[in-house]
2 protein chains.
Amino acid sequence: MIIDNPYEPKLPRNMSFGWHIAVLGANMSDSLDKELKSIGLSINQWPTLFALWEEDGLTQTELTSRCNTAHYTTTRLLDSLEKMGLVERQPHPTSRRAHLVYLTEKGRNLEEEAVTKARAVNAKFLSSLSKKEQEQVASLILKMTTAPPV
Amino acid sequence: MIIDNPYEPKLPRNMSFGWHIAVLGANMSDSLDKELKSIGLSINQWPTLFALWEEDGLTQTELTSRCNTAHYTTTRLLDSLEKMGLVERQPHPTSRRAHLVYLTEKGRNLEEEAVTKARAVNAKFLSSLSKKEQEQVASLILKMTTAPPV
DNA sequence: TATTGTTATACTCTATAACTATA
DNA sequence: TATAGTTATAGAGTATAACAATA
């Protein structure tokens, strides 16, 4: 069965574009998960830690929104990260019901190693493309994700 | 935190390439799942049905390998598809332990509608790109997925 | 009355492994 | 002994909704 949409070139077994993206995303996630395990982290913690490495002192609600997860997921993720000594919940200066989430020294120190591993995974999956093609695909995917469909 | 890898252009909140692919894949899957629900199907059934639309009369083991799932998953998927009257397990001509899986008339008739929906989802997610860019990203992703990393 | 965050519960998915029947 | 397929069961992940505390 051939999807003859002009935006769908011939694909192996003619699977559709979205299917390829989904499988690729799952494979990249699995690969990063395995890498992160070696430093005691998991893929579930990645978006939260990534957001905090970029900027900490966020409320849980703000973290929830940046990580595109559910609020009850954030609660449990922070529980585990706190138990591991990577983050701390501090009282909010003006609201007594909100918390501010900060990285600990230990949590901050993991950034370099984790990001190195993420880069390696990206490079591995991009390795069949030329440098120019790698830049192209990254910028096209960026364009797709930053201007999402209504 | 900026990933200054040359293959990682500036991304929103500087999330990494793999993360964008994973989120995009999940969003496209969710979107197709919603579309398929309207004709009584789910995203879990998509790869199996897609493979059968391309070629039926496969053994369960062959289906398992083409869909990149687990054998016990195939068993349950086929149970549900059979209950819905979309596929049939037939005895294998030479081996009494293997089955051949065939689409029913009803299952075959769903192809056009389902593929139309999948195309619409792909088009929706690609809509922020020009036609040329759409072709580019599809062919680059194809290149990545057909020459997977070791 | 709405917001921040936690918890209980149920439901879906997936993984492991034991099982049958064949080869 | 290996293969095709099924089933039982446990675990992880996710969703719903109720809840307490605060605004």
Side-chain angles (χ1 to χ4, degrees), chain A residues 22-23 25-27 29-34 36-37 40-49 51-52 56-84 87-102, chain B residues 19 22-23 25-27 29-34 36-37 40-48 51-52 56-84 87-102:
Chain A
V23 171
N27 287 340
S29 284
D30 287 351
S31 192
L32 181 54
D33 188 47
K34 273 190 196 118
L36 291 176
K37 288 268 187 289
L41 299 177
S42 87
I43 189 68
N44 299 327
Q45 301 165 327
W46 175 255
T48 300
L49 285 175
L52 290 172
D56 67 353
L58 305 171
T59 63
Q60 295 190 198
T61 300
E62 178 60 24
L63 252 185
T64 294
S65 130
R66 296 202 186 182
C67 297
N68 203 29
T69 52
H71 64 297
Y72 51 83
T73 303
T74 301
T75 295
R76 286 177 205 170
L77 271 173
L78 291 179
D79 287 349
S80 77
L81 290 173
E82 213 168 23
K83 195 178 286 184
M84 292 168 70
V87 308
E88 276 173 357
R89 282 184 251 227
Q90 305 272 353
H92 189 285
T94 62
S95 166
R96 283 205 301 166
R97 70 186 166 187
H99 304 151
L100 296 185
V101 182
Y102 287 94
Chain B
W19 192 82
V23 170
N27 287 340
S29 284
D30 287 351
S31 191
L32 181 54
D33 187 48
K34 274 191 195 117
L36 291 176
K37 290 267 187 289
L41 299 177
S42 87
I43 189 68
N44 298 327
Q45 301 165 328
W46 174 256
T48 300
L52 290 172
D56 67 352
L58 304 172
T59 63
Q60 297 191 195
T61 300
E62 178 60 23
L63 252 186
T64 295
S65 128
R66 295 203 187 183
C67 297
N68 203 29
T69 52
H71 65 298
Y72 52 83
T73 302
T74 301
T75 294
R76 285 177 205 169
L77 271 173
L78 291 179
D79 288 348
S80 77
L81 291 172
E82 212 167 24
K83 196 177 285 182
M84 294 168 68
V87 308
E88 278 173 357
R89 281 183 250 226
Q90 306 271 355
H92 189 283
T94 61
S95 166
R96 284 206 299 167
R97 69 185 167 187
H99 305 150
L100 296 185
V101 182
Y102 288 94

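In what follows, chains carry the letters A, B, and so on, assigned in the order in which the sequence lines appear, proteins first and then strands, with residues in each chain numbered from 1. The figures here come from the full heavy-atom set of this structure, side chains too, leaving out hydrogens, waters and symmetry mates.
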Undergrad: Taking C-beta and beyond as the side chain, do B:His99 and B:Thr59 meet within less than 4.5 Å on heavy atoms?
TA: no
Undergrad: Could you tell me the separation between the CD atom of B:Glu62 and the C1' atom of D:dT3, rounded to a whole number of Å?
TA: 15 Å
Undergrad: When the distance from CD of B:Gln45 to C1' of C:dT12 is rounded to whole Å, what number comes out?
TA: 14 Å
Undergrad: Return no unless some side-chain N or O of B:Arg89 is found under 4.0 Å from OP1 or OP2 of D:dT6.
TA: yes
Undergrad: Can you find a donor-acceptor N/O pair under 3.5 angstrom joining the side chain of A:His99 to the base of C:dT4?
TA: no
Undergrad: Does A:Ser95 or A:Ser42 map to a spot on DNA chain D nearer the 5' end, using the closest nucleotide for each?
TA: A:Ser42
Undergrad: With sugar-phosphate meaning primed atoms plus P, OP1 and OP2, does A:His92 contact a base, only sugar-phosphate, or nothing at under 4.0 Å between heavy atoms?
TA: nothing
Undergrad: Tell me if the side-chain of A:His71 makes a donor-acceptor pair with the base of C:dT4, cut-off 3.5 Å, by modelled atom types.
TA: no
Undergrad: Roughly, in whole Å, what's the span from CG in B:Asp79 to P in D:dA4?
TA: 18 Å
Undergrad: How about A:Asp30: does its CG atom have over 12 heavy atoms from other parts shown lying under 6.0 Å from it?
TA: yes
Undergrad: On DNA chain D, nearest-nucleotide positions of B:Thr61 versus B:Arg76: which is more 5'?
TA: B:Thr61
Undergrad: Stems involving DNA chain D: give each as a range paired with a range, ordered by first number, where a stem means at least three consecutive Watson-Crick or G-U wobble pairs under 3.5 Å.
TA: C:1-23 with D:1-23
Undergrad: Just wondering, more than 12 heavy atoms not from B:Lys34 lying within 6.0 Å of its NZ?
TA: no
Undergrad: For B:Ile43 and C:dT14, give me the distance from atom CD1 to atom C1', rounded to whole Å.
TA: 17 Å
Undergrad: Looking only at N and O atoms, is any donor in the side chain of B:Arg97 or the base of D:dT3 less than 3.5 Å from an acceptor on the other one?
TA: yes
Undergrad: Closer to the 5' end of DNA chain C via nearest nucleotide, is it B:Asn44 or A:Thr75?
TA: A:Thr75
Undergrad: Are B:Lys83 and B:Asp79 within salt-bridge range, i.e. N to O under 4.0 Å?
TA: no
Undergrad: Donor-acceptor check, side chain of A:Ser31 to backbone of A:Asn27, threshold 3.5 angstrom: yes or no?
TA: no
Undergrad: Tell me: CD of A:Glu82 to P of C:dG5, nearest whole Å?
TA: 13 Å
Undergrad: What's the closest nucleotide to the B:Tyr72 side chain, out of C:dT4, D:dG5, C:dT14?
TA: C:dT14
Undergrad: Quick one: is C:dT6 close enough that its OP1 or OP2 comes under 4.0 Å of any side-chain N or O from A:Gln60?
TA: yes
Undergrad: Would you confirm whether A:Ser80, through its side chain, and A:Leu77, through its main-chain N or O, come within 3.5 Å as a donor-acceptor pair?
TA: yes
Undergrad: Expressed as a whole number of angstroms, how long is the span from B:Leu81:CG to D:dG5:C1'?
TA: 16 Å
Undergrad: Applying the side-chain contact (heavy atoms from CB on, under 4.5 Å) test to A:Ser42, which of A:Leu32, A:Leu36, A:Asp33 qualifies?
TA: A:Asp33
Undergrad: Would you say the side-chain atoms of B:Thr73 pair up with the backbone N or O of B:Thr69, donor to acceptor, closer than 3.5 Å?
TA: no
Undergrad: Can you measure B:Leu77 atom CG to D:dG5 atom P for me and round it to whole angstrom units?
TA: 14 Å
Undergrad: In whole angstroms, how far is the P atom of D:dT14 from the CG atom of A:Asn68?
TA: 12 Å
